[in-house]
Colleague: 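Quick one: the structure is below, and I'll ask about it shortly.
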Amino acid sequence: MTENVVIAGAGIGGLTAALALHARGIDATVIERTDLRPLGVGINLLPHAVRELYGLGLGDKLARIAVAPAAIDYYDTDGALLFREPRGIDGGYGYPQYSVHRGRLQMLLLSALRDRFGANTVHANCELFGFDQSEFYVRAHTSVGDIDSSALVGADGIHSTVRRRLHRGPDPLKWSGLRMFRGAVDGDPFLDGRTMSIVKGANGVDLVVYPIGGGQINWVVMLPEAPPGPLPGDAKWNHPGDRSQVLRHLDRWNLGWLDAADMVRRTEPVLEYPMVDRDVLAWWGLGRVTLLGDAAHPMYPVGANGGSQAIIDAAVLAEELSRDPALGLRRYEDRRRPETAKVIEANREMHRTGAPQRPADLARVTAKYRTDTNTDRSHA
Ligand SMILES: Cc1cc2nc3c(=O)[nH]c(=O)nc-3n(C[C@H](O)[C@H](O)[C@H](O)COP(=O)(O)OP(=O)(O)OC[C@H]3O[C@@H](n4cnc5c(N)ncnc54)[C@H](O)[C@@H]3O)c2cc1C
């Protein structure tokens, strides 16, 4: 089989890249090792990423499946407001922020791609094992045979095969020492029905909770477990979590506007995931091969930036490849590698800063984060 661009991975990054490339007249085929079910729980898209999805004509559909938070509110465990940070349009941005179920967003992108450009733009149950390249083409070795193309994009997530083949040296997952327990559950709206809330508990225990559309509430509880260091075990998004570890803390809280312990008790399943990233790479791709999204820059999810940065990668990749097929991959990397390196570092710093409770400290830390990551109002 011969294709123009092959993208390994039909996550948010890979599917958006295919849509963006096709929109610029470049054929792209996505190969995905799973059978493409809507997995995951909630995810946030920042205005910079939402702008790109609007540019692809997906704004109305996105608005129908997502919730646009007006603010992030910080509370103490008695439900008292510590600090409010307006977000999206209410924060003066040109585009909304969206909270959405990851799987629903993935299915929206998938059906847009197939409806617009044909069912064959995505091959499910097709795993990439490796690749070879020459001056003239790159050959992807997959579970259904070899596929030749002019470019291969590794959008295959935090455990990327493409990254491992390109970067042979040690590249371990770096654990923050935090474990995140997560879930999505049906629930009545709380507060104004579109606020993302962060409850600052004792000893660094944080709850992040927000509506994600479809009558569902998404929650994440961060539990500090160890000093930063090597990760015991692995990092899998679908790993079942023990809710009693979370309830030990939440049972003592009295927020008033939400029964957090009841929400966790009713959630099925509860998942757990360690907060991990990898060090910044000195380079991403070689020749006809590059990386995108979590494969290129896995990051702590503290700034709601992982999915957003993957979407921005996709837009820049399409722009640079359409400008210059020969130099496009390197120009894309030259633009995106330093930008995303800043986000990885800012996320680590946000985590190191700990859990400020005073409004002035929260205001300072969140403003610095937006400036460091180019996600303030001046950029969208
Ligand atoms: C199952 C799952 C659930 C998630 N749940 C959440 C969540 O609840 N909240 C959140 O904030 N983030 C979640 N994430 C991560 C989040 O989606 C990403 O951080 C972000 O959207 C960046 O997306 P990405 O496309 O770069 O990578 P990913 O979303 O990780 O997508 C990578 C894709 O590549 C596929 N793939 C991997 N290896 C190969 C291979 N060798 N050949 C072919 N295909 C391959 C994977 O199956 C996956 O579909 C989840 C990721 C996954 C895979």
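Below, all heavy atoms of this structure are taken into account, side chains as well, without hydrogens, waters or symmetry copies. Everything quoted here is computed from the prediction, not taken from an experiment.
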Colleague: Between Lys368 and Glu349, does at least one N-O distance fall below 4.0 Å, as a salt bridge requires?
Modeller: yes
Colleague: Just verifying a value: how many Å separate Asn347 CG and Met275 CE, rounded to the nearest 0.5 Å?
Modeller: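 Result: 8.5 Å between the selected atoms.
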Colleague: Arg164: what forms a side chain to side chain contact (heavy atoms under 4.5 Å, CB included) with it, not counting sequence neighbours?
Modeller: Thr161
Colleague: Membership question, hydrophobic clusters at under 4.5 Å side-chain separation (ILVMFWY): are Val100 and Leu271 in the same one?
Modeller: no
Colleague: Taking only Lys NZ, Arg NE, NH1 and NH2, and the carboxylate oxygens of Asp or Glu, determine whether Arg323 and Glu319 approach each other closer than 4.0 Å.
Modeller: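 Between Glu319 and Arg323 there is a salt bridge, with a charged N closer than 4.0 Å to a carboxylate O.
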Colleague: According to salt bridge (charged side-chain N to carboxylate O under 4.0 Å, His left out), who are the partners of Asp90, at least two apart in sequence or on a separate chain?
Modeller: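 Applying salt bridge (charged side-chain N to carboxylate O under 4.0 Å, His left out) to Asp90 gives Arg194.
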Colleague: What's the spacing between Asp313 CG and Arg335 CZ if we round to 0.5 Å?
Modeller: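 So the CG of Asp313 and the CZ of Arg335 are separated by 10.5 Å.
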Colleague: Clusters formed by hydrophobic residues whose side-chain heavy atoms approach within less than 4.5 Å: which one holds Val67, and what are its other members?
Modeller: none
Colleague: If Ile, Leu, Val, Met, Phe, Trp and Tyr residues are connected whenever their side-chain heavy atoms lie under 4.5 Å apart, and connections chain through other members, are Phe129 and Val144 in the same group?
Modeller: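 No, it is not one cluster - the side chains of Phe129 and Val144 are not joined through contacts under 4.5 Å.
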Colleague: Between Asn305 and Tyr369, does any side-chain donor sit less than 3.5 Å from a side-chain acceptor?
Modeller: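 Asn305 vs Tyr369: donor-acceptor pair found between side chains.
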Colleague: Got a donor-acceptor contact below 3.5 angstrom from the Arg114 side chain to the Asn120 backbone?
Modeller: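 A pair under 3.5 Å: no.
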Colleague: Just by distance, with hydrogens left out, do Tyr210 and Asn218 show a side-chain donor and acceptor under 3.5 Å apart?
Modeller: yes
Colleague: Please evaluate residues Val30 and Thr121 with respect to the criterion side chain to side chain contact (heavy atoms under 4.5 Å, CB included), reporting the C-alpha separation (whole Å), side-chain torsions for both, the decisive distance (0.1 Å), and the verdict.
Modeller: CA-CA 6 Å; Val30 185; Thr121 46; over 6 Å; no
Colleague: Considering only NZ, NE, NH1 and NH2 on the basic side and carboxylate oxygens on the acidic side, decide whether Lys342 and Glu345 come within less than 4.0 Å.
Modeller: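 Here Lys342 does not pair with Glu345 in a salt bridge, since their nearest N and O are not under 4.0 Å apart.
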Colleague: Which residues pass the ring pair (Phe, Tyr, Trp, His ring centres under 6.0 Å) test with Tyr332, not counting sequence neighbours?
Modeller: Trp284
Colleague: For the hydrophobic clusters of this structure (ILVMFWY residues joined by side-chain heavy atoms under 4.5 Å, transitively), does one cluster hold both Tyr300 and Leu46?
Modeller: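 Each belongs to a different hydrophobic cluster.
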Colleague: Going by the rule ring pair (Phe, Tyr, Trp, His ring centres under 6.0 Å), which residues pair with His101 if we only count those two or more places apart in sequence or in a different chain?
Modeller: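 If we apply the ring pair (Phe, Tyr, Trp, His ring centres under 6.0 Å) test to His101, skipping adjacent residues, there are no hits.
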Colleague: Does any pair with a residue in residues 171-180 pass side-chain hydrogen bond (donor to acceptor under 3.5 Å, both in side chains), and if so which ones, sequence neighbours excluded?
Modeller: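 Sorted result for residues 171-180: Arg163-Asp171, Lys174-Asp279, Arg179-Glu225, Arg179-Glu272.
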Colleague: Just how far is it from atom NE2 of His159 to atom CH2 of Trp237, taken to the nearest 0.5 Å?
Modeller: 9.5 Å
Colleague: Without swapping roles, check the side chain of Gln309 against the backbone of Thr340 for a donor-acceptor pair under 3.5 Å.
Modeller: no
Colleague: Let me check something: do Leu166 and Tyr137 share a hydrophobic cluster, defined by ILVMFWY side-chain heavy atoms less than 4.5 Å apart, either directly or through other members?
Modeller: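 Hydrophobic grouping puts Leu166 apart from Tyr137.
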Colleague: Just how far is it from atom CD1 of Ile43 to atom OG of Ser99, taken to the nearest 0.5 Å?
Modeller: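 Spacing of CD1 (Ile43) from OG (Ser99) equals 10.5 Å.
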Colleague: Return all side-chain donor-acceptor pairs below 3.5 angstrom for residues 13-24, not counting sequence neighbours, or 'none' if the list is empty.
Modeller:
| from | atom 1 | to | atom 2 | distance (Å) |
| --- | --- | --- | --- | --- |
| Thr16 | OG1 | Ile12 | O | 2.6 |
| His22 | NE2 | Ala28 | N | 3.1 |
| His22 | NE2 | Ala28 | O | 2.9 |

Colleague: So, for Asn125 and Ser143, which heavy atoms are closest and what is the spacing to 0.1 Å?
Modeller: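 Reported closest heavy-atom pair: O-OG, 3.8 Å.
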Colleague: Determine, step by step, whether Asn238 and Leu39 satisfy the side chain to side chain contact (heavy atoms under 4.5 Å, CB included) criterion, reporting the C-alpha distance in whole Å, the side-chain angles of both residues, the deciding distance to 0.1 Å, and the verdict.
Modeller: CA-CA 8 Å; Asn238 56 358; Leu39 298 175; 5.9 Å; no
Colleague: Are any of the side-chain nitrogens in Glu85 or Arg87 under 4.0 Å away from the carboxylate oxygens of its partner?
Modeller: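 Salt bridge present between Glu85 and Arg87.
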Colleague: Any sub-3.5 Å donor-acceptor pair from Arg139's side-chain atoms to Ile147's backbone N or O?
Modeller: no
Colleague: Would you say Val41 ends up clustered with Ile158 if hydrophobic residues are merged whenever their side chains have heavy atoms under 4.5 Å apart, either directly or through other cluster members?
Modeller: no
Colleague: What do the steps show when you test Val50 against Ile311 for side chain to side chain contact (heavy atoms under 4.5 Å, CB included), and what is the final call?
Modeller: CA-CA 8 Å; Val50 170; Ile311 289 169; over 6 Å; no
Colleague: What distance do Tyr273 atom OH and Arg182 atom CZ have between them, rounded to the nearest 0.5 Å?
Modeller: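 Result: 8.5 Å between the selected atoms.
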Colleague: Do any N or O atoms from the side chain of Arg243 and from the backbone of Arg265 form a donor-acceptor pair under 3.5 angstrom?
Modeller: yes
Colleague: Applying salt bridge (charged side-chain N to carboxylate O under 4.0 Å, His left out), can you list everything that pairs with Asp262, at least two apart in sequence or on another chain?
Modeller: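 Asp262 satisfies salt bridge (charged side-chain N to carboxylate O under 4.0 Å, His left out) with Arg266 once adjacent residues are dropped.
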Colleague: Under a 3.5 Å threshold, yes or no: a donor from one side chain and an acceptor from the other, between Ser160 and Asp156?
Modeller: yes
Colleague: Using the ring of each side chain (for Trp, its six-membered ring), is Tyr54 parallel, tilted or perpendicular to Tyr98, with breaks at 30° and 60°?
Modeller: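 Ring orientation of Tyr54 relative to Tyr98: parallel.
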Colleague: With a 3.5 Å cut-off and sequence neighbours excluded, list the donor-acceptor pairs that the side chains of residues 286-293 form with protein atoms.
Modeller:
| from | atom 1 | to | atom 2 | distance (Å) |
| --- | --- | --- | --- | --- |
| Arg288 | NE | Glu135 | O | 3.2 |
| Arg288 | NH1 | Ser150 | O | 2.9 |
| Arg288 | NH2 | Glu135 | O | 2.7 |
| Thr290 | OG1 | Glu333 | OE2 | 2.6 |

Colleague: Does a salt bridge link Asp60 with Arg64, judged by any charged N lying under 4.0 Å from a carboxylate O?
Modeller: no
Colleague: So which residues get pulled into Val246's cluster when ILVMFWY side chains under 4.5 Å apart are joined, directly or through others?
Modeller: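 Joined to Val246, directly or through intermediates: Tyr75, Leu81, Phe181, Val185, Phe190, Leu191, Val199, Val205, Leu207, Val209, Ile217, Trp219, Val221, Leu223, Leu247, Leu250, Trp253, Leu255, Trp257, Leu258, Met263, Val264, Val270.
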Colleague: For the residue pair Arg252 and Arg248, what are the closest heavy atoms and their distance?
Modeller: NH2-O, 3.3 Å
Colleague: Would Asp73 and Thr195 satisfy side chain to side chain donor-acceptor pair (under 3.5 Å), going step by step from the backbone distance to the final call?
Modeller: CA-CA 7 Å; Asp73 282 357; Thr195 290; 4.5 Å; no
Colleague: Output all residues satisfying side chain to side chain contact (heavy atoms under 4.5 Å, CB included) with Ser244, sequence neighbours left out; order by chain, then residue number.
Modeller: Asp242
Colleague: Which pairs count as salt bridge (charged side-chain N to carboxylate O under 4.0 Å, His left out) when at least one residue sits in residues 29-39, sequence neighbours excluded?
Modeller: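 Passing the test, one end in residues 29-39: Arg33-Glu127, Asp35-Arg37.
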Colleague: Within this structure, what is the CG-CG distance for the pair Leu105 and Leu53, rounded to the nearest 0.5 Å?
Modeller: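 Taking CG in Leu105 and CG in Leu53, the distance rounds to 7.0 Å.
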Colleague: Look only at the side chain of Asp76 and the backbone of Ala80, and say whether a donor-acceptor pair between them is shorter than 3.5 Å.
Modeller: yes
Colleague: Check the pair Ile72 / Ser197 against side chain to side chain contact (heavy atoms under 4.5 Å, CB included), numbers first and verdict last.
Modeller: CA-CA 6 Å; Ile72 298 189; Ser197 304; over 6 Å; no
Colleague: With no hydrogens and no angle check, just 3.5 Å: does a side-chain donor-acceptor pair link His297 and Asp277?
Modeller: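 Absent: no donor and acceptor within the cut-off.
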